[in-house]
Every structure is written in C-alpha cells, then in structure tokens.
Amino acid sequence: MSSSTLLQDFPDTFAGQVLRPGDDQYAAARTIFNTHTSGATPTVIAQAANEDDVVTVARYAADTGTPIAIRAGGHGVDGTAMPNDALVVDLSLLKTIAVDPDAGVVRLGAGVLLHEMDAALADYGLVVPSGTVSTTGIAGLTLGGGIGYHMRKYGATVDNLRSCTLVTTDGRRLRTSETENPDLFWALRGGGGNFGIVTELEFLARPLSPYVAAGFMPFPLEQAHEVLAGLREYMPTAPRELAVVAALTRCPPLPPIPPEFHDADVVMPVVVYTGAAEQAERVIGDLASLGTPIVSAVGPMPWIEANRLLDAIAPPGRRYYSKGGYLSELTDAAIDVVVTRAAAAPPAASPPLPSTVQNLWALGGAISEDFEENSVAFSREATQWLWEIVTEWDDPADDAVYHEWLDGTLAGIKPHLRSNGYVNLSTDQGPAWRRGVWGSPAKYARLVEAKTTWDPHNLLRYNKNIPPKNG
Ligand SMILES: Cc1cc2nc3c(=O)[nH]c(=O)nc-3n(C[C@H](O)[C@H](O)[C@H](O)COP(=O)(O)OP(=O)(O)OC[C@H]3O[C@@H](n4cnc5c(N)ncnc54)[C@H](O)[C@@H]3O)c2cc1C
C-alpha cells in the first residue's frame, strides 16, 4: 500500500485540523519560508492542537510505517518541513511561553518563533541566545545548534538548553536532559530532527544587557581585503559582547544608508554590541577605523529591534538557496576567494533588495571557548569563522543563475573549509558531508547509535538524515 492510501485511515481522534490537498486552509498551511520548495504537495498536514495530537501522529506513523515530516517555524531552507507526498506534523500552533524569572528559566512550545520568545523575555530583562531573523522557529534552530548575536557572550542556543519534552517515534512521551535519557539529550543538541518530535524546550535565560547598540557599517567592496584582514586581527581580543557578521553583498536599501549606495558592492559588517554603554563608542570606532565606511549606522536601540534588523533582507516568499561551512582560518587566500566571487555575483533579481550574500560570522568567545566539542552533538571545533552563502530571487527561470554562482563559489572556497560545520546554515551537501559535519568520526558514530535506538526505522528521514544501522 502506498503511503497516501494509508493516510486515508488517519485517526479521527486527532483534535487539531487535518488538511489535505483541496481543503480551504491547505494552501496557507503548506506555505513555508522558502518558495523554492513550495511545489511540494504533502498528503496530510496534521496541525497539532496539543501534545496528545503529536502522540496520535507518532503512533499512527509507527503502526503504519509512515515517515513523518516535522514543521515548526518553517524556515528550514531544504524544505524538509513540507515534502511531497508526506505526512506532516505541524507544530506551529504550540505557542506556550512560560518564563520563570526567579529561576532564570523559560519553557517554550515547539511552535514559538524567535520574536515571540525575545518579546516575552525582554519584559524580564532576559534573553536566550538564538538567531538573527526573527521569524525563525526556536525548535528547528535549537535542534541544529543556534548561532546569533549573543553566542560570543553566552554560547550557542544548544549550550543553553536545559531539557526537552518529546514524543518518540513509537509514540511515547519523554523528558530528556543531562540526567534523563542523557544520550538522547546529547544527540538532540545538534542532531536536528533525527530522534523524536520535540514538543517543548526549556532554556536557561540569561541577563539581557540594558544597553544595546546595533546596525550596519558598509564599506566599498574595494576595501574588503583590508576590512576583513582587520577583523581577523581585531575579533580575538574584542569584547565578548561584540557580535559581527561581515556580509559581502549588494548594499540593501536600509534607512540609514544613503540611496546612492543602494545596490553598490560592499562588505558590510552587521554589528550588535551588548556591553557597557561607556565602551560602545570605542568599540564601534575601532570597527569603523578598519577602512573608510560609507556610513557607520550603528547606534543604540532596543534589543527587540536589533534582533529584527535582518528581517528586511530575508523576507518570506522568495526562492532561497544556501550553503555554508567553517573556515579553518580567515587566511588572505580565503579572503581572495570571497571577495573575487562577491565581485562576480549576478545582478539582484529585484534591486535594490540584494539577491546574493556571503556572510562571515565571527565566532570566538563563549561559543568557541566555554563548551567542550564533545559536550553536545553540535560542532564548533577548531574554527573562528563561519562562511555562509545565500541567494534569493523570485522567478523560477532565474534558478540556474543563482545556483551556478553559489555552487561555483562553494567550489572555490572548499579547500579552505573544514569537514565539520553547522547543519542549519547550509542546505544538505550529501552523505559524505553529513558524516563529517558534526565533527569527529566518534561523534558521528554516537549519533548513529542514538538514531538506531530512538528511530530504528528512520521514520524521521525528512532532515539532514543520519541513517540508523541496518536502516
Ligand atoms: C532567513 C533565515 C535566517 C536564519 N538565520 C539563522 C541564524 O541567525 N542562526 C541560526 O542558527 N540559524 C539561522 N537560520 C537557520 C535556521 O536555524 C534553520 O533553518 C532551522 O531549521 C529553522 O527552524 P524552523 O523551526 O523555523 O524550521 P522548520 O522548517 O520548521 O524545521 C526544519 C527542520 O528542523 C527539524 N525540526 C523542527 N522542529 C522540530 C521539532 N520540534 N522536533 C524535531 N525536529 C524538528 C525538522 O527536521 C524540520 O524539517 C536561518 C534560516 C533562514 C531561512
């Protein structure tokens, strides 16, 4: 029997909506961030109203041998949240947010988005280190690792995860933490959606600095070598409260940037500083002195606004393609590749909104120094810089243009990349990549063990898949 035939028996005890092609709300429900994958037609989208519904889906899937796709925030660029012909469990309505300010802990339902979490915590002067585009889901982001503007101060999102509640692929509810099912907890912290359906995540909430300065500092691309070499020297001794993502792109139409520079080739550090107000001017001045910026549009703003700065250049509903990896070092040779390929980027599909960007994320500080490589499945070993390349456009006829530029750039930078990397900031690069992306062979073997224990039939296969033994 095909999986779509089996799905006719989907249990009527499911309390939430069960949507099939042709149903009124199906089109909206299957829409995810990246329209590149939106031709896919899942057979059933089961919108869980509560955790019992997730148990119902998991038991049905186990009884019928049906693979399950998981949708949380819907930002996964691979589109694994909404695959063709699949049974999808949609967690986006699980929106619980419970803050315990005295304990410094927050519990979040798997459907919570970053801006919802940030807003709830900011009221208490708290923050969970997470990502940089506010419409991303906390569940998918955390299960891959989670990097953003607080990582140099507090570590990756997984480093701040205290426990998860999940439903196993045979339909059991479990809690997992350092003391409860610790091997599963280890694997979940980076191994993505391979092991169970996470319904709730509990985090350590950290103090949010009362002072935040943020913004952009674009330099003409001709200065990229000196600016990037300067950042390479500066970041290892910079305060942990300073986050920098250096974007090589066409200058976006952001309000503080004069219109004559929109769509110009730039290297544009995106800067967020969450340290002492008295130090801000010096730190921002240090960055500006790396070259002659077109404008230094970095200034005080509420955290909530700072963590939405990039929303404008990553709108939902476009076609996206991305790859990424860790640089062994930000050498002159690696800088050469990045700058040469930035200069060779195809024009923007809808100028002045950029279509091409290479981001150089400065790691270092807490994420690199305070947590052991083997403490979680997420890998950060022996790197200080993450390179990420993203293309976005609208017309399917342009697919080849942006794919070719991106893949050509990846081929050029590959000799400088490590075999470990960050699963969430790249589309899948195939089985050999997956065997190395979590770090050492011993870590991969431990992930395979966990997969074999918790999902022996690989029902969770719509992901950066770790096949079980004999699976
Ligand atoms: C514009 C944009 C900006 C981004 N910025 C950042 C950033 O700053 N930092 C960063 O670290 N990452 C960033 N990412 C990557 C992001 O972390 C991943 O795309 C992540 O998978 C998104 O999670 P989601 O819940 O929104 O996605 P979904 O598409 O809903 O989920 C992706 C996959 O995660 C797994 N998954 C999700 N929820 C669960 C669950 N509850 N239980 C088990 N498995 C689950 C499933 O395999 C699912 O297919 C960005 C992505 C985009 C598109």
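For ligands, and for the atoms within them, numbers begin at 1 and follow the listed sequence. The structure displayed is predicted, hence computed values, not measured ones. Computed over heavy atoms, backbone and side chain alike; hydrogens, waters and symmetry mates excluded.
At a heavy-atom cutoff of 4.0 Å, ligand 1 is contacted by no atom of I32, backbone or side chain. At a 4.0 Å heavy-atom cut-off, ligand 1 does not touch N34 at all. Counting heavy atoms under 4.0 Å from ligand 1, residue A110 touches it through the side chain alone. Using a 4.0 Å cut-off between heavy atoms, W361 contacts ligand 1 through its side chain alone, with no backbone atom that close. Residue contacts with ligand 1 for Y320 are absent, since no atom lies close enough (heavy atoms, distance under 4.0 Å). Residue L425 touches ligand 1 through its side chain alone, judged by heavy-atom distances below 4.0 Å.
Comment: K443 does not engage E381 in a salt bridge, judged by the lack of any side-chain N to carboxylate O separation of less than 4.0 angstrom. Between R173 and E200 there is no salt bridge, since no side-chain N of the basic residue sits under 4.0 Å from a carboxylate O of the acidic one. A salt bridge does not link R107 with D100: every distance from a Lys NZ or Arg NE/NH1/NH2 to an Asp or Glu carboxylate oxygen is 4.0 Å or more. Using a 4.0 Å cut-off between charged nitrogen and carboxylate oxygen, R446 and D183 count as a salt-bridge pair.
Not one N or O of A139 is nearer than 3.5 Å to an N or O of ligand 1, by distance alone. Considering backbone and side-chain atoms together, T132 places an N or O closer than 3.5 Å to an N or O of ligand 1. Any N or O atom pair closer than 3.5 Å counts here, and G148 shares no such pair with ligand 1. In terms of polar-atom proximity, G76 is counted as a contact of ligand 1, with an N or O under 3.5 Å from an N or O of the ligand. Considering backbone and side-chain atoms alike, T80 places an N or O below 3.5 Å from some N or O of ligand 1. Considering both main-chain and side-chain atoms, V77 never comes within under 3.5 Å of ligand 1 through any nitrogen or oxygen pair. An N or O contact shorter than 3.5 Å is missing between G192 and ligand 1 by distance.
When the heavy-atom distances from atom 30 (O) of ligand 1 to G191, A72, A81 are ranked, the shortest goes to A72. Proximity annotation for atom 37 (C) of ligand 1: of G140, A314, S426, G140 comes nearest, heavy atoms only. Which of L91, L94, I70 comes nearest to atom 46 (C) of ligand 1 through a heavy atom is settled by distance: it is I70.
Of the protein's heavy atoms, Y422 OH, 2.5 Å lies nearest to atom 11 (O) of ligand 1. For atom 12 (N) of ligand 1, the closest non-hydrogen atom of the protein is L141 CD1, 3.5 Å. Atom 52 (C) of ligand 1 has H75 ND1, 3.5 Å as its closest protein atom, hydrogens excluded (heavy atom only). Of all protein heavy atoms, the one lying nearest to atom 1 (C) of ligand 1 is F33 CZ, 3.5 Å. Protein heavy atom at the shortest distance from atom 25 (O) of ligand 1 is G73 N, 2.9 Å. Nearest protein heavy-atom contact of atom 17 (O) of ligand 1 is N424 ND2, 3.2 Å. For atom 45 (C) of ligand 1, the nearest protein heavy atom (residue, atom name, distance) is L143 CD1, 3.6 Å. Taking atom 9 (N) of ligand 1 as the reference point, the nearest protein heavy-atom neighbour is I147 O, 2.7 Å.
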- [ ] Any chance you could lay out the salt bridge (charged side-chain N to carboxylate O under 4.0 Å, His left out) test for R461 and D455, step after step, and finish with the verdict?
- [x] CA-CA 9 Å; R461 65 185 65 160; D455 184 20; over 6 Å; no

* **side-chain hydrogen bond (donor to acceptor under 3.5 Å, both in side chains) evaluation trace for E388 with S426** => CA-CA 7 Å; E388 179 202 15; S426 181; over 6 Å; no

Yes or no on side chain to side chain contact (heavy atoms under 4.5 Å, CB included) for L460 and K451, after CA distance, side-chain angles and deciding distance? CA-CA 10 Å; L460 299 175; K451 179 73 176 180; 4.0 Å; yes

Exercise. Please step through side chain to side chain contact (heavy atoms under 4.5 Å, CB included) for the pair Y320 and F33, ending with a clear verdict.
Key: CA-CA 9 Å; Y320 283 85; F33 178 80; 3.4 Å; yes

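For H403, the NE2 atom is densely surrounded, since the number of other residues' heavy atoms within 6.0 Å is greater than 12.
Judged purely by distance below 3.5 Å, without hydrogens or angles, the side chains of S134 and D118 never pair a donor atom with an acceptor atom. The closest side-chain donor-acceptor pair between Y321 and D399, if any, does not fall under 3.5 angstrom.
Judged by distance alone, with hydrogens and angles left aside, the side-chain atoms of R162 form no donor-acceptor pair with the main-chain N or O of S177 at under 3.5 Å. A donor-acceptor pair under 3.5 Å is absent between the side-chain atoms of T142 and the main chain of V158, judged by distance alone. In terms of modelled atom types and a separation under 3.5 Å, the side chain of R318 and the main chain of T391 share no donor-acceptor contact.
One distance of note links CG of D394 with OG of S355; it measures 7.5 Å at 0.5 Å rounding.
Within the structure, ligand 1 lacks G144 among the residues with a heavy atom less than 4.0 angstrom away. Under a 4.0 angstrom heavy-atom cut-off, G145 registers as lying outside contact with ligand 1.
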